[in-house]
*Asks:* 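Please find one structure pasted underneath; my questions will follow.
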Amino acid sequence: MYKTQAEAQEFLKGFVMELEDTPEEREVVLCVPFTDLGVMSKSLHGSRVRLGAQNVHWEDSGAYTGEISPPMLVEIGVRFVVIGHSERRQYFGETNETVNLRLKAAQNHGLTPILCVGETKEQRDAGETESHIFSQLEEGLVGVDQNNLVIAYEPIWAIGTGDTCESEEANRVIGLIRGKLSNPNVTIQYGGSVKPDNIDEIMAQSEIDGALVGGASLQADSFSRIVNYR
Ligand SMILES: O=C[C@H](O)COP(=O)(O)O
């Protein structure tokens with residue numbers, strides 16, 4: 001929940017210029033608040049940067065006040081959608097079951113979902129990291145097409161805390177996630193306190209295909225440094 005439309009446009013002015021030398025195969029997606037989607041869709045038209053939303057409901061329309069449906073996102077030019085972010089699970093009651101409904105609805109409308117999974121500090125300390133994430137995957141991915149899917153491993157204790165998961169440990173967990181998938185080629189990102197000074201090490205890991213960046217994506221200079229990792 002960052003940036004008004006004016007602030008988002010100001011961000012884009014600085015950010016898009018920094019992508020001139022970014023390798024073509026590097027995919028860049030901005031997942032913005034619903035209110036910014038319209039203006040961002042227009043501003044990004046013709047650019048290499050794709051547009052994403054931060055959530056989606058599973059019905060096409062109906063009495064679900066406050067929700068946004070897949071056709072509403074598609075009409076506005078959205079291609080990706082974050083689903084099951086830990087903040088949605090923690091503060092807004094999302095469960096693996098509703099995450100699953102959202103994933104399938106997004107795919108049915110041609111959107112690429114970015115499924116977030118990850119453990120709390122308490123679960124990690126209790127040795128439950130693997131079992132928790134495996135449950136999130138098993139229950140969340142029932143009937144989901146793994147050919148149109150991105151997964152983000154986000155240890156909750158590392159989100160917004162500055163307490164980054166060691167890159168080797170993130171790589172280990174992401175390897176375990178990959179081992180649970182029917183399609184081992186799914187793009188799997190790491191998320192949690194990704195910054196300009198740790199992105200190179202994170203992206204050097206063999207299992208990590210990308211990053212889901214929160215706080216450090218809010219300034220054009222830091223996000224462009226992350227996108228242009230070495
Ligand atoms: O939504 C963003 C991710 O949860 C990561 O956030 P962060 O980079 O601020 O830790």
*Asks:* Any side-chain to backbone donor/acceptor pair from Ser167 onto Ile202? Under 3.5 Å, distance only.
*Replies:* no
*Asks:* Treat each ILVMFWY residue as a node, draw an edge where side-chain heavy atoms are under 4.5 Å apart, and state whether Val173 and Leu149 are in one component.
*Replies:*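 Val173 clusters together with Leu149.
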*Asks:* Would a single hydrophobic cluster contain both Phe34 and Val49, if residues Ile, Leu, Val, Met, Phe, Trp and Tyr are joined by side-chain heavy-atom contacts under 4.5 Å?
*Replies:*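 In one cluster: yes.
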*Asks:* Using modelled atom types only, decide if a donor and an acceptor are shared between the side chain of Arg178 and the backbone of Val186 within a distance under 3.5 Å.
*Replies:*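 Such a contact is found between Arg178 side chain and Val186 backbone.
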*Asks:* Please give me the minimum heavy-atom distance between Thr4 and Asp36, naming the atom from each residue.
*Replies:*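 Heavy atoms of Thr4 and Asp36 come nearest at C-OD1, 3.3 Å.
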*Asks:* Let me confirm one number: the NZ-CG distance from Lys42 to Leu37, rounded to the nearest 0.5 Å.
*Replies:*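 Between atom NZ of Lys42 and atom CG of Leu37 there are 11.5 Å.
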*Asks:* With no hydrogens and no angle check, is any side-chain donor or acceptor of Thr161 less than 3.5 Å from a backbone partner on Trp157?
*Replies:* yes
*Asks:* With side-chain contact (heavy atoms from CB on, under 4.5 Å) as the criterion, how do Phe15 and Val28 come out once you've worked through the C-alpha distance, each side chain's angles and the decisive distance to 0.1 Å?
*Replies:* CA-CA 11 Å; Phe15 179 63; Val28 185; 3.8 Å; yes
*Asks:* Taking only Lys NZ, Arg NE, NH1 and NH2, and the carboxylate oxygens of Asp or Glu, determine whether Lys121 and Asp125 approach each other closer than 4.0 Å.
*Replies:*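 Salt bridge: yes.
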*Asks:* Any side-chain heavy-atom pair from Val81 and Ile114 closer than 4.5 angstrom?
*Replies:* no
*Asks:* Just by distance, do the side chain of Lys3 and the backbone of Leu218 share a donor-acceptor pair under 3.5 Å?
*Replies:*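 The answer is yes, because a donor-acceptor pair under 3.5 Å joins these two groups.
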*Asks:* Does Phe134 reach the side chain of Lys180, with side-chain heavy atoms less than 4.5 Å apart?
*Replies:* yes
*Asks:* Check the surroundings of atom CD in Glu75: do more than 12 heavy atoms from other residues, nucleotides or ligands lie under 6.0 Å from it?
*Replies:*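 Check fails, neighbour count at 12 or below.
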*Asks:* Can you tell me how far the CG atom of Leu30 sits from the OG atom of Ser47, to the nearest 0.5 Å?
*Replies:* 8.0 Å
*Asks:* If you look at every heavy atom in Tyr2 and Pro33, which pair is closest and at what distance?
*Replies:* O-CG, 3.4 Å
*Asks:* Side-chain contact test, heavy atoms from C-beta onward, threshold under 4.5 Å: evaluate it for Gln205 versus Glu168 and give yes or no.
*Replies:*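 Result yes, sub-4.5 Å side-chain heavy-atom pair found.
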*Asks:* With a 4.5 Å cut-off on side-chain heavy atoms, are Val56 and Ser69 touching?
*Replies:* no
*Asks:* Does Asp163 reach the main-chain N or O of Ala158 with its side chain, forming a donor-acceptor pair under 3.5 Å?
*Replies:* no
*Asks:* For a side-chain hydrogen bond (donor to acceptor under 3.5 Å, both in side chains) check, start with the C-alpha distance between Thr112 and Asn148, then their side-chain angles and the critical distance, and finish with the verdict.
*Replies:* CA-CA 6 Å; Thr112 299; Asn148 180 29; 2.6 Å; yes
*Asks:* Is it possible for you to say whether Ile226 and Val150 belong to one hydrophobic cluster, with membership spreading through side-chain heavy-atom contacts below 4.5 Å?
*Replies:*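 Per the 4.5 Å side-chain linkage, Ile226 and Val150 are not co-clustered.
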*Asks:* Find the distance between CD (Glu139) and OG1 (Thr95) and round it off to the nearest 0.5 Å.
*Replies:*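 If I round to the nearest 0.5 Å, the distance is 8.5 Å.
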*Asks:* Under the side-chain contact (heavy atoms from CB on, under 4.5 Å) criterion, do Arg172 and Glu169 qualify, and how do the steps go?
*Replies:* CA-CA 5 Å; Arg172 184 187 75 82; Glu169 174 60 7; 2.9 Å; yes
*Asks:* Test your reading of the model: is there a side-chain donor-acceptor pair from His132 to the backbone of Gln123, 3.5 Å cut-off?
*Replies:*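 Checking the backbone N and O of Gln123 against the side chain of His132, no donor-acceptor pair under 3.5 Å is found.
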*Asks:* Are the side chain of Arg124 and the backbone N or O of Ile156 linked by a donor-acceptor pair below 3.5 Å?
*Replies:* no
*Asks:* Between Glu67 and Arg102 (salt bridge meaning N to carboxylate O under 4.0 Å), is one present in this structure?
*Replies:*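 So Glu67 pairs with Arg102 through a salt bridge.
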*Asks:* Taking C-beta and beyond as the side chain, do Asn100 and Trp58 meet within less than 4.5 Å on heavy atoms?
*Replies:* no
*Asks:* Please report the shortest heavy-atom distance between Glu59 and His57, naming the atom on each side.
*Replies:* N-ND1, 3.0 Å
*Asks:* To the closest 0.5 Å, what do you measure between CG (Asp21) and OG (Ser224)?
*Replies:*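 Output value for this atom pair is 11.0 Å.
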*Asks:* Kindly compute the distance separating CD (Glu20) from CG (Asn228), expressed to the nearest 0.5 Å.
*Replies:*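 Output value for this atom pair is 10.5 Å.
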*Asks:* Hydrophobic clustering (ILVMFWY, side-chain heavy atoms < 4.5 Å, transitive) - are Leu141 and Val99 grouped together?
*Replies:* yes
*Asks:* Quick one: closest heavy-atom pair of Ser41 and Gly77, and the distance?
*Replies:* OG-CA, 4.0 Å
*Asks:* Decide whether Val194 and Tyr153 are clustered together by the hydrophobic rule: side chain heavy atoms of Ile, Leu, Val, Met, Phe, Trp, Tyr closer than 4.5 Å, transitively.
*Replies:* yes
*Asks:* Does atom CD of Glu166 have more than 12 heavy-atom neighbours from other groups under 6.0 Å away?
*Replies:* no
*Asks:* Are Arg79 and Leu51 packed together at the side-chain level, in the sense that at least one heavy-atom pair is separated by less than 4.5 angstrom?
*Replies:* no
*Asks:* Using the side-chain contact (heavy atoms from CB on, under 4.5 Å) rule, take Asn171 and Ser206 through it: C-alpha gap first, then chi angles, then the decisive distance, then the call.
*Replies:* CA-CA 7 Å; Asn171 194 55; Ser206 59; 3.5 Å; yes
*Asks:* Any side-chain to backbone donor/acceptor pair from Thr129 onto Glu119? Under 3.5 Å, distance only.
*Replies:*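 Checking the backbone N and O of Glu119 against the side chain of Thr129, no donor-acceptor pair under 3.5 Å is found.
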*Asks:* With a 3.5 Å distance limit and no angle check, can you tell me whether Asn108 reaches the backbone of Leu103 through a side-chain donor-acceptor pair?
*Replies:* no
*Asks:* Listing request: all ring-ring contact (aromatic ring centres under 6.0 Å, His included) pairs with a residue in residues 68-94, at least two apart in sequence or in separate chains.
*Replies:*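 Applying ring-ring contact (aromatic ring centres under 6.0 Å, His included) to every pair that reaches into residues 68-94, excluding sequence neighbours, yields nothing.
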*Asks:* Is any side-chain heavy atom of Gln107 less than 4.5 Å from a side-chain heavy atom of Pro113?
*Replies:* yes
*Asks:* If we only count heavy atoms from C-beta on, is the Ile151 to Gln189 side-chain gap below 4.5 Å?
*Replies:*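 Side-chain contact under 4.5 Å: no.
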*Asks:* Using the side-chain contact (heavy atoms from CB on, under 4.5 Å) rule, take Glu87 and Ile159 through it: C-alpha gap first, then chi angles, then the decisive distance, then the call.
*Replies:* CA-CA 10 Å; Glu87 288 148 18; Ile159 296 176; 3.8 Å; yes
*Asks:* Taking all non-hydrogen atoms of both residues, which atom of Ala106 and which atom of Ile83 are closest, and how far apart?
*Replies:* CB-CD1, 4.1 Å
*Asks:* List the atom of Cys31, the atom of Val82, and the distance in Å for their closest heavy-atom pair.
*Replies:* SG-CG2, 3.8 Å
*Asks:* Short question: side chain of Asn96, backbone of Gly140 - any donor-acceptor pair under 3.5 Å?
*Replies:* no
*Asks:* Kindly write out the residues that satisfy salt bridge (charged side-chain N to carboxylate O under 4.0 Å, His left out) with Glu138, not counting sequence neighbours, or none if the list is empty.
*Replies:* none
*Asks:* For the CD atom of Glu154 and the CD1 atom of Ile133, what is their distance to the nearest 0.5 Å?
*Replies:* 11.0 Å
